[in-house]
Amino acid sequence: MKLFTIDEANVLLPELKQELYKLQVLIDDIDDRYLDLQTIKAKHNLSPGKRGTMIDPYFEQESQLDFMRMEAELQISNFTRKGVLIKSISPGLLDFPAILEGKEVLLCWKQGEEHISHYHGWNEGFMGRKPYP
């Protein structure tokens, strides 16, 4: 497990903000396409004469969704490889393992904040955030 100083985490933050935004756009696109596909499937299942065909009319859309999900998983794993914990994609909430006053803590950043200025214990969660001294 990588441990960050607050300076190291703040230096990495601009890059992570961009990556998080790309991930959010991708997740929104996946959600939209999934809902569209479900609507199309529902309409298709209601129309007569469509049963018994061997061709899967949804194969291409489902394959695209599978590929997009794999891309999202890859993007999420990029955060993990850097040692950063994604607590929420939307709104963005990132934690950075650190040591503060001899204790293991998580430096905490919430989307919209300019820089990392809070922390919390491993078992406290977001509600236990405190200003970084």
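Position 1 is the first residue of the sequence; numbering continues from there.
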Quiz item: Restricting to pairs with a member in residues 67-78, which pass salt bridge (Lys or Arg N to Asp or Glu O under 4.0 Å), not counting sequence neighbours?
Solution: D66-R69
Quiz item: In Å and rounded to the nearest 0.5 Å, what is the CD to CD distance from Q38 to Q61?
Solution: 11.0 Å
Quiz item: Are L37 and M68 in one and the same hydrophobic cluster, where Ile, Leu, Val, Met, Phe, Trp and Tyr link if side-chain heavy atoms are under 4.5 Å apart?
Solution: yes
Quiz item: Taking only residues at least two apart or on different chains, which pairs with a member in residues 69-91 satisfy ring-ring contact (aromatic ring centres under 6.0 Å, His included)?
Solution: none
Practice problem: If a pair satisfies ring-ring contact (aromatic ring centres under 6.0 Å, His included) and one of its residues is in residues 56-78, list it, with sequence neighbours excluded. | Solution: H44-Y58
Which donor-acceptor pairs under 3.5 Å do the side chains of residues 125-133 make with protein atoms, sequence neighbours left out?
residue : atom : partner : partner atom : Å
R129    : NH1  : E113    : OE2          : 3.0
R129    : NH2  : C108    : O            : 3.4
R129    : NH2  : E113    : OE1          : 3.0
R129    : NH2  : E113    : OE2          : 2.9
R129    : NH2  : H118    : ND1          : 3.3
K130    : NZ   : E124    : OE1          : 2.7
K130    : NZ   : E124    : OE2          : 3.1
K130    : NZ   : G128    : O            : 3.1

Quiz item: Within a strict 4.5 Å, meaning less than it, do heavy atoms of the L12 and F4 side chains meet?
Solution: yes
Exercise. Could you tell me which residues satisfy side chain to side chain donor-acceptor pair (under 3.5 Å) with E104, sequence neighbours excluded, listed by chain and number?
Key: none
Practice problem: Tell me, yes or no, whether the heavy-atom count around E15 atom CD, taken from other residues, nucleotides or ligands under 6.0 Å, exceeds 12. | Solution: yes
Quiz prompt | Common cluster, Y34/I40, ILVMFWY with side-chain heavy-atom separation under 4.5 Å | solution = yes
Quiz item: If Ile, Leu, Val, Met, Phe, Trp and Tyr residues are connected whenever their side-chain heavy atoms lie under 4.5 Å apart, and connections chain through other members, are L20 and L106 in the same group?
Solution: no
Exercise. Kindly give the heavy-atom pair with the smallest separation between L23 and A72, and that separation in Å.
Key: CD1-O, 3.9 Å
Quiz item: Quick one: salt bridge (Lys or Arg N to Asp or Glu O under 4.0 Å) pairs with a partner in residues 19-36, sequence neighbours left out?
Solution: E19-K82, D29-R33
Quiz item: Which pairs, with at least one residue in residues 13-32 and sequence neighbours excluded, count as a ring-ring contact (aromatic ring centres under 6.0 Å, His included)?
Solution: none
Under 3.5 Å, which donor-acceptor pairs do the side chains of residues 83-101 form with other protein atoms, sequence neighbours left out?
residue : atom : partner : partner atom : Å
S88     : OG   : P91     : O            : 2.6
D95     : OD1  : H120    : NE2          : 3.4
D95     : OD2  : H120    : NE2          : 3.3

Quiz item: Under a single-linkage definition using a 4.5 Å side-chain heavy-atom cutoff for Ile, Leu, Val, Met, Phe, Trp and Tyr, are L13 and I76 assigned to the same hydrophobic cluster?
Solution: yes
Quiz item: Can you tell me how far the CG atom of N10 sits from the CD1 atom of I116, to the nearest 0.5 Å?
Solution: 4.5 Å
Self-check item: Distance in Å, H115 NE2 paired with L107 CG, rounded so as to fall on 0.5 Å steps
Solution: 11.5 Å
Quiz item: Residues in side chain to side chain donor-acceptor pair (under 3.5 Å) with S77, at least two apart?
Solution: R81
Practice problem: Could you tell me which residues satisfy salt bridge (Lys or Arg N to Asp or Glu O under 4.0 Å) with E62, sequence neighbours excluded, listed by chain and number? | Solution: K41
